[in-house]
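Below is one structure, written out as structure tokens; comments come after it.
Any value given below was found using the heavy atoms of this structure, including those in side chains, with hydrogens, waters and symmetry copies removed. Order of the sequence lines fixes the chain letters, A, B, ..., with proteins taken first and strands second; residue numbering starts at 1 for each chain.
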There are 2 protein chains.
Amino acid sequence: MSEKVTIYDIAEKLNITAATVSRALNNNPKIKESTRELVIKTAASMNYKQNKLALALKSGRSNNIGVIVPRIDSNFFASVIRGIEEELHPNGYQVIICQTHESKKRENENLYTLIDAQVDGILMSLTDVTSENDGAFQYVLQKNVPLVFFDRSKHIEGVSSVTINDFRGGYLTTKHLINEGCRHIAHFSGDQSLEIFKNRFLGYKQALLDHGIDFKEEYVIYTKSAVEAGKEAVDKLLQLETPPDAIFSASDFAALGAIQELKERNISIPKEFCVAGFSNEPFTKFMELSITSVDQSPLEMGKMAARVFLEQVDKTETIKIEKKVVLAPELHIRKSSSRSTF
Amino acid sequence: MSEKVTIYDIAEKLNITAATVSRALNNNPKIKESTRELVIKTAASMNYKQNKLALALKSGRSNNIGVIVPRIDSNFFASVIRGIEEELHPNGYQVIICQTHESKKRENENLYTLIDAQVDGILMSLTDVTSENDGAFQYVLQKNVPLVFFDRSKHIEGVSSVTINDFRGGYLTTKHLINEGCRHIAHFSGDQSLEIFKNRFLGYKQALLDHGIDFKEEYVIYTKSAVEAGKEAVDKLLQLETPPDAIFSASDFAALGAIQELKERNISIPKEFCVAGFSNEPFTKFMELSITSVDQSPLEMGKMAARVFLEQVDKTETIKIEKKVVLAPELHIRKSSSRSTF
DNA sequence: TATTTTCGTGTAATCGATTACATAATTATT
DNA sequence: AATAATTATGTAATCGATTACACGAAAATA
């Protein structure tokens, strides 16, 4: 370790006090111009670097923020993180990454660890496991650390959130499928204790209703967000008395599985069967049979979450802010559901 | 901010010293068992949490490590980071993420910022911009902070690295294309000042040589890692007097572009033309015409980089360790190059 | 019983920077 | 020139935890 240079070293060299050095370096107006210049020059020549840990201890602010996601290796979450990092970096914050792997236990652990590490804020997307226990969240709030949910959110007093309008996403997609002539539209959903899945489902339902199509319980299948799950779900659907002629999947991966399964059964897409997904994962665009999907503008979502945090971080402690930002979803219509256009 | 509980508060309550409290909580054997229990119980009841910043300042270790990548929203880097996080989390380290966006300037900024933030180590993948200036790296080394390169590496005294055998990856892929009957194999490369691209190229060249096929300079095209770039490159290649009958692309995205362009020209894949990529991005597997690609086991790479860091972090300061780990690449043969199998 | 060990705790310095308050040095005012 | 006002700097506490050293009390030994 190269000998660390502190303000005391600079002070000693110049026969002044550390306090003066500190003030000079912080542009305190009470310092004589000549002294300031001398200190700054000497600091530079001695290769002085401010010890951020000491500063953090003194000020109580670490300039770190924590980000908790189910996993980082999904395009959606990685893009959100990118947005967060890009917005926060210029403000001098470092981004600490934690993963939950959809485990509530790890979610709680991460929350406690981050608070212990004195982060200045936490931005997170919930696990898909339901839980009534808000203990860890209350702990965060009680420490007065700004907490912002993005995408996967739930209502907790004092917690802000940035989401997209999932209802609208579901509605638009379903409406589009109806416009393409589909009349028996199935839906792949996720755990509806998560608002995102609930709302996509409700949008789907409302669209059916508004267009005079009966909602059928049996058309709703709960799948994991995985290719295999999509295949199995199609298998189930095709055994119904009236099999559907379209699927609105709340997951791109399940949508892909569905398409693979349909192809294997020689069902022509989009002619006989339309499919649409959700998230606009890169592969949906790349496929030869490109997949219609709802874009969640993850980059924008990350930046927005970061901005909400920044707004809250310096506010007086007494005012509890609870901001709900809802971004507009964007339906990308592609081959898998385009009977007319392509 | 809920009043912070410190060891002094506990000490006061029990009419003992903070020193005793500290010792009790740290399982110092000099503490009487009854005292220890009392302290621990009281600490729990008062909801005491150790202040990590104070600890970090005292010990000089932040328990943070920095990870610098070109961008986080690529499956490869995200997966590496996942590996790093999973390996380091159980060891009590937090992972701080930085992006360079392929800018040398930002790379240097990030290095300085991380050092200033007292990270205990830095794991990184280089930008694709060449630079002779190692100043920032020297700064890191001089501070005796372990530095580990992964994937995109270059030789610097005292820096460890974890890479895959890119030469072998290039060799295996090219050999495979030859086995499928291709005799005019083109290569999409990246900036060869980066060892990864240099080595993939060399592997390609060697495979040609070993199988009695002439190497042609005109078959090597330098492309960005992007779909459009692949299309343009194919356009160029097909204008040659003897157009190639296969492409080994050092990028999956460029390979995808190539495939799209070839299809548009009604060139049949793999019958008339074979294509193989590199990185095993998720979409290569998902396509109907799935794309042959080299897997770099990013998860494993991340874990390995983390382990190399862990080995170095506690070593006596005088021994400079320089470990080079080379992982084996794995060729995933898929439809885009399988004349025989599928 | 007197003396040496051992054990358990307290005292105070330390990590590096910031800052309220005090004081010295300078300049302005009468 | 004497006093007031201003400016620049020093002193020392603080953030919260750790730890070398010191010391009193209890236990072991002579």
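The existence of a salt bridge linking A/K104 and A/E107 is confirmed by a sub-4.0 Å separation between a basic side-chain nitrogen and an acidic carboxylate oxygen. Between A/E300 and A/K303 no salt bridge is recorded (no basic side-chain N to carboxylate O distance below 4.0 Å). Here A/R71 does not pair with B/E85 in a salt bridge; the nearest charged N to carboxylate O distance is not below 4.0 Å.
Between its opening and closing five pairs, the helix from C/dT1-D/dA30 to C/dT30-D/dA1 changes axis direction by 60°, a value rounded to 10 degrees.
One finds a side-chain N or O of B/N26 lying less than 4.0 angstrom from the OP1 or OP2 phosphate oxygen of D/dT18.
Within a 6.0 Å sphere centred on CD of A/E12, other residues, nucleotides and ligands contribute 12 heavy atoms or fewer.
The interatomic distance linking B/K52 (NZ) with C/dC15 (C1') rounds to 18 Å, in whole Å. At whole-Å resolution of the value, CG in B/L55 and C1' in D/dC15 are 14 Å apart. Distance, A/L14 CG to D/dG10 P: 10 Å, rounded to whole Å. When the C1' atom of C/dA17 is taken as reference, atom NZ of A/K49 falls 16 Å away, rounded to whole Å. The distance from atom CD of A/Q50 to atom C1' of C/dC15 is 15 Å, rounded to the nearest whole Å. Distance CZ (B/R61) to P (D/dT18): 14 Å, rounded to an integer number of Å. Spacing between atom CD of A/E12 and atom P of D/dG10 amounts to 14 Å, rounded to whole angstrom units. Per the geometry, CD belonging to A/Q118 stands 9 Å off P belonging to D/dG16, to the nearest Å.
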I would like to know whether B/F149 and B/F137 meet ring pair (Phe, Tyr, Trp, His ring centres under 6.0 Å); could you show each step before the answer? CA-CA 11 Å; B/F149 290 148; B/F137 298 120; 5.6 Å; yes
For A/F77 and A/I72: C-alpha separation, side-chain torsions, deciding distance, then whether side chain to side chain contact (heavy atoms under 4.5 Å, CB included) applies. CA-CA 6 Å; A/F77 289 121; A/I72 186 187; 5.9 Å; no
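Contacts classified as side-chain hydrogen bond (donor to acceptor under 3.5 Å, both in side chains) and involving residues 112-124 of chain B (residues at least two apart or in different chains) are not found.
Just one residue in the list A/V67, A/V148, A/I115, A/N110 forms a side-chain contact (heavy atoms from CB on, under 4.5 Å) with A/I122, and that residue is A/I115.
Within 4.0 Å of A/T6, counting heavy atoms only, lie sugar-phosphate atoms of the nucleic acid but no base atom. Within the 4.0 angstrom heavy-atom criterion, base atoms lie near A/L57.
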Which letters describe nucleotides 4-14 of chain C, given B = protein heavy atom under 4.0 Å from base, S = only from sugar-phosphate, - = neither? ----BBBB--B
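Side-chain polar atoms of B/H89 and A/Q99 form no donor-acceptor pair below 3.5 angstrom.
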